[in-house]
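Within every chain, numbering begins at 1; the chains are lettered A, B, ... in the order of the sequence lines, protein sequences first and strands thereafter.
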Amino acid sequence: MEYNFREIEKKWQQLWTDSKAYAVSNDSTKPKCYVLDMFPYPSGAGLHVGHPLGYISSDIYARYKRLKGFNVLHPMGYDAFGLPAEQYAIDHGIHPAVSTAANIKTFRKQLDNIGFCYDWSREVQTCDPKYYRWTQWIFLQLFDSWFNRKTQKAQRIHDLIAIFEQEGNRNHPFPNNKYELPSGGQSFSAGEWGKYDEQQRQDILMQYRLAYLAYTDVNWCEALGTVLANDEVINGVSYRGGYPVIKKKMRQWSLRITEYAERLLKGLEEVDFSDSMKEIQRNWIGKSYGAEIRFEVKSEKNMVQEMVVFTTRPDTIFGVDFMVVAPEHEMVLAITSAAQQDEVDKYLQYVQSRSEVERMAEVKKITGCFTGAYAVNPFDGREIPIWISEYVLAGYGTGAIMAVPCGDERDFKFAQFFNIPITNIIGPAYNGKEANATKDAILENSGFINGMVMRDAIEVVVNKVEELGIGRKQVNYKMRDAGWSRQRYWGEPFPVIFRNDIPYAMDVKDLPLELPASDDFRPSGTGEGPLANVSAWVHIDDHEKRDTNTMPTHAGAAWYFLRYMDPHNDKVFADRKALDYWGQVDVYIGGAEHAVAHLLYSRLWVKILHDLGYLNFDEPFKKLINQGKITGDSRFVYRVRNTNQFVSAGLKDQYETDELHVDVNIVDGVELDTEAFKKWKPDFAHAEFILENGKYICGSAIEKMSKSYFNVINPDQVVEKYGADTFRMYEMFLGPLEASKPWDIKGIEGVHRFLKKMWRLFYDETKGQVWNTQKATDAEFKVLHRAIRKIEEDTERFSFNTAVSAFMVCVNELTDLKCNKKEILEKLLILLTPYAPHVSEELWHLIGNTGSILDAAYPVAEEKYLVETSKEYPISINGKVRTQLNINLDASQQDVEQLVLANEVVQKWLESRPHKKIIYVKGKMVNVVV
RNA sequence: GCGCAUGUGGCGUAAUUGGUAGCCGCGCCAGACUUAGGAUCUGGUGGAGUGAUCCGUGGGGGUUCGAGUCCCUCCAUGCGCACCA
């Protein structure tokens, strides 16, 4: 009886589906475990062998936990809104809903092929109105909330209104400190609030809402007639077409994620993410400590009394040689002197003309202009020239800096370029040739902080500044509020209605607000999205209008893990009981490319839902694992330029050639199948080859797996040839989960041989059944229990590659022992179930079990089979191993010394020198020091 | 430039705590069975040397009885950020 994987796998996949083997109940007395994959965007290209790496890992872990007695939630769904489907619709006239549904079908088929244990009854698709109804609902919760800085929590807008009625906004200033009331100023009293009309009140409330509408800078691409997301802009041009992109102010929805910067940062301490993942997020949040310092300003017009800078290095205050403000800063015109007016105008014009591309490309270019005004150093009264330059960003800090050329590289270059004299405050630490950003130098020329170490002076200066009332400690974040509008069709419509241009939340009972039917997906051309083309939908009546934007794909993905808990609920986004039972995702596996956007938005939404009382946890993912990418292994052929001749890689240097990607499926190793090549593309039908040793050898390179490189390997092919169980184990065997690695099919034979070898422990091709019911020996038990311990530990810590190797060791050893005993093999099958479920279930039944192996009890490693009484100790002389000696494990130091010194190999190495001491580490080694 | 991660046989990798470096697999070599082998099985396989032995975890230095593992330094690769004050 042979290992017929094709038949076995098909059979059990069907039986498991029929018996609903993977359905999970929300009602269980078992402990819960939530194992989640990042759901895929169903692209038209389908799955390649890189995608399942994470899915297989989580599947193994989920199955393992189930065997260990957990109620395991292991769902799957689709991040089904998104750009490519819309672009496809524009190019091919197929509605995104249609192409998306077709792609999902393909994905599902491919996933099913690999034998995952997903509970498909919980599937979610973000583009399904039954799903996005709740995405819209959550958006409305954000719209109806504000962040109370006093309590560091989200609260309802009606609480804020109550506060305003009581005391105005004196205790709750505008989150955006640049915002000014139409009447001027930034604060209003309860009395003033009472007199404001609806329009004014709504404007003010909008300044506090967590989802808010405001004029913000967007990436406007004139050529494409649309706004682009940041990730759609590469080096200042559109990723599609490479058209120029400019910053433009447009009225957009944003999420006030900046208010949560501190909590998002803090939360990282309690979650189990990789260091690099946490680092990337910290980086993105970009917290910096420093001070805001006010400087008196002297200018001709005398319209501006002071300017505020943000600095992380207040200790360098005596080294300030000039100030720089952003060209966009509103004070620029007010301080410019008559003499400098022309030059400033010219510079501002120049800055205006600079496109994003140029600014990005010419980061090192030094430009700037003196304003004719001066700031006064509050400590020594020095007058400091105020410049403008594009290297200072309007959006960060206060949009103005104090420049310290001896301590900052950019300031130094700027000073040098414009011949501004440089003050040295760090003595020998500054060499005059480049800035030194040290914090460890001793301060000189620095008034009251002379002689102090810079690091210590920071605090001293900040305290002084606060004492003098000219500034304060300040924390800054690099992170910006998240733009949440996309000028797209294929996304969630915003559930709001505009009356007199003021957005009001839709009644939740009217949700979902469904996308209107449309076949025109091109941008409207006015900066509005394709929805603007559906006039009847947009204009409800003369007074009421809908938003023509849709939400970004992050919206649906920000909470899908909650919906899986209760996917069919049409009363709430998920039942509170289900939310409390499943709680946090215990293990979340996915690619590192979602480090920032997706993870931050999900963390934000969960924090807000938690603050509003819908969840009892405020971090969504307890543990995050980023599986490595599987890269492609591309092959090249070399065409002799302007001919149809192809030269083998070893000879290509003798010709002038062009390198072309060739389909890896018609290359065996590096040897090209020349006949298949001729058939591959019509262009090559008459190709001629210059061979080496009768073969055409291809060039190779490791690159990302991509259709355009012809290096994509479809898992279906692999499963067809070797079976899902082999495929699953081989992907795991490739190396550590987190490591990136090139796909290399060569090793798969070894894993396949392993499964066949294991099969032969039960059935032999010629002899038929070989398994028996004899009693196992201690040696056999020992092999088994060592495997149990090792595989359990490895699975627990996601070290699947070493676990696969432990299976091989175990099967090799049992083969050597000629052990075909059911008593042993049965346990081995349970261990193997998470990794190779089909073959395990088949053999489980063949040896006489009736229930499914999916619910067998995981075997327990028994100490009694694992204890050793003695060990083959390595004996080293001066740290070099010279011999081995079998010593009893409970031997004492004296026993060991005696034994070791009596040994002839040891004697030989000692050469009759006396030993200094003997180091004996029980259970490890013995070292004789001479 | 800054931050993070990673460097081990021909290749993918292993070595959980400082304790026998190279488990397992690929590849390669030899053999068995065979009409045949790109099937299957068995044995061997880090490098040098006939050998005893010596050398070996990116390079250099250090700590230690003992270092792939800890510390310093340099180099290489990957990822992230990048005028962020």
Test: E720(A) and R6(A) ion pair at under 4.0 Å: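 Yes, this pair counts.
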Residues K413(A), E409(A): salt bridge by 4.0 Å N-O rule: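 Yes, this pair counts.
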Atom-to-atom span, [atom1] of [X] to [atom2] of [N] - whole angstrom:
X	N	atom1	atom2	value
I748(A)	rG38(B)	CD1	C1'	16 Å
Y835(A)	rG25(B)	OH	P	17 Å
M277(A)	rU6(B)	CE	P	14 Å
K287(A)	rC2(B)	NZ	P	24 Å
K746(A)	rG38(B)	NZ	P	17 Å
I386(A)	rA85(B)	CD1	C1'	16 Å
H329(A)	rA85(B)	NE2	C1'	13 Å
K916(A)	rU64(B)	NZ	C1'	13 Å

According to the Watson-Crick and G-U wobble definitions, with both distances under 3.5 Å, which nucleotide is paired to [N]?
N	result
rA48(B)	rU53(B)
rA32(B)	rU40(B)
rU8(B)	none
rC65(B)	rG19(B)
rG1(B)	rC81(B)

Nearest-Å distance once atom [atom1] is located in both [N] and [M]:
N	M	atom1	result
rU34(B)	rA39(B)	C1'	10 Å
rG9(B)	rG59(B)	P	10 Å
rG68(B)	rC75(B)	P	24 Å
rC72(B)	rU64(B)	C1'	16 Å
rG25(B)	rG43(B)	P	11 Å
rA21(B)	rG7(B)	C1'	16 Å
rU69(B)	rU63(B)	C1'	14 Å
rC70(B)	rG19(B)	C1'	14 Å

Distance below 4.0 Å between S274(A) side-chain N/O and rA5(B) OP1 or OP2: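 For rA5(B), OP1/OP2 do not have a side-chain N/O of S274(A) under 4.0 Å.
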OP1 or OP2 of rC41(B) under 4.0 Å from side-chain N/O of R760(A):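 Looking at the OP1 and OP2 atoms of rC41(B), one of them is under 4.0 Å from a side-chain N or O of R760(A).
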Base, sugar-phosphate, or nothing: which does [X] touch, judged by heavy atoms less than 4.0 Å apart?
X	value
D411(A)	nothing
E872(A)	base
K478(A)	base
Q884(A)	base
N801(A)	sugar-phosphate
V881(A)	sugar-phosphate
N927(A)	base
R753(A)	sugar-phosphate
K278(A)	nothing
T398(A)	nothing
S805(A)	base
P736(A)	sugar-phosphate
R882(A)	sugar-phosphate
I280(A)	sugar-phosphate

Worked verdict on Y722(A) versus E749(A) for side chain to side chain donor-acceptor pair (under 3.5 Å): CA-CA 8 Å; Y722(A) 297 101; E749(A) 299 280 354; 2.9 Å; yes
If we ignore hydrogens and angles and just use 3.5 Å, is the side chain of [X] paired with the main-chain N or O of [Y] as donor and acceptor?
X	Y	result
N888(A)	S870(A)	no
K287(A)	A261(A)	no
S876(A)	V926(A)	yes
Q893(A)	I918(A)	yes

Polar pair under 3.5 Å, donor/acceptor by atom type, side chain N283(A), base rC81(B):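 Not at all, since no donor on one side and acceptor on the other fall under 3.5 Å apart.
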Nearest to the side chain of [X], heavy atoms from C-beta on, is which of [options]?
X	options	value
V809(A)	rG19(B), rG3(B), rC24(B)	rC24(B)
S276(A)	rU53(B), rU42(B), rC4(B)	rC4(B)
E279(A)	rC4(B), rG19(B), rA85(B)	rC4(B)
F310(A)	rC65(B), rA85(B), rU20(B)	rA85(B)

Check against side chain to side chain donor-acceptor pair (under 3.5 Å), D321(A) and T423(A): CA-CA 7 Å; D321(A) 291 316; T423(A) 310; 2.5 Å; yes
N/O-N/O pairs, protein side and nucleotides 15-18 of chain B side, under 3.5 Å:
{"residue": "rU16(B)", "atom": "N3", "partner": "E793(A)", "partner atom": "OE1", "Å": "2.9"}
{"residue": "rU16(B)", "atom": "O4", "partner": "E793(A)", "partner atom": "OE1", "Å": "2.5"}

Option among F798(A), F800(A), Y835(A) that satisfies the ring pair (Phe, Tyr, Trp, His ring centres under 6.0 Å) test with Y61(A):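 That would be F798(A).
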Of A394(A) and V804(A), the one whose closest RNA chain B nucleotide lies more 5':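 Closer to the 5' end of RNA chain B: V804(A).
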Position toward the 5' end of RNA chain B (nearest nucleotide), T815(A) or V928(A):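 Residue closer to the 5' terminus by nearest nucleotide: T815(A).
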Mutual orientation of the aromatic rings belonging to H752(A) and F5(A) [parallel < 30°, tilted 30-60°, perpendicular > 60°]: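 Plane angle over 60°, so perpendicular.
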Geometric class of the F807(A)/F754(A) ring pair [parallel <30°, tilted 30-60°, perpendicular >60°]: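 F754(A) and F807(A): tilted rings.
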Ring-ring centroid check Y350(A) Y347(A), cutoff 6.0 Å: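 They qualify: ring centres under 6.0 Å apart.
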Syn-anti status, with the boundary at 90° from 0, for the nucleotide rG9(B):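 Syn, since the glycosidic angle lies within 90° of 0.
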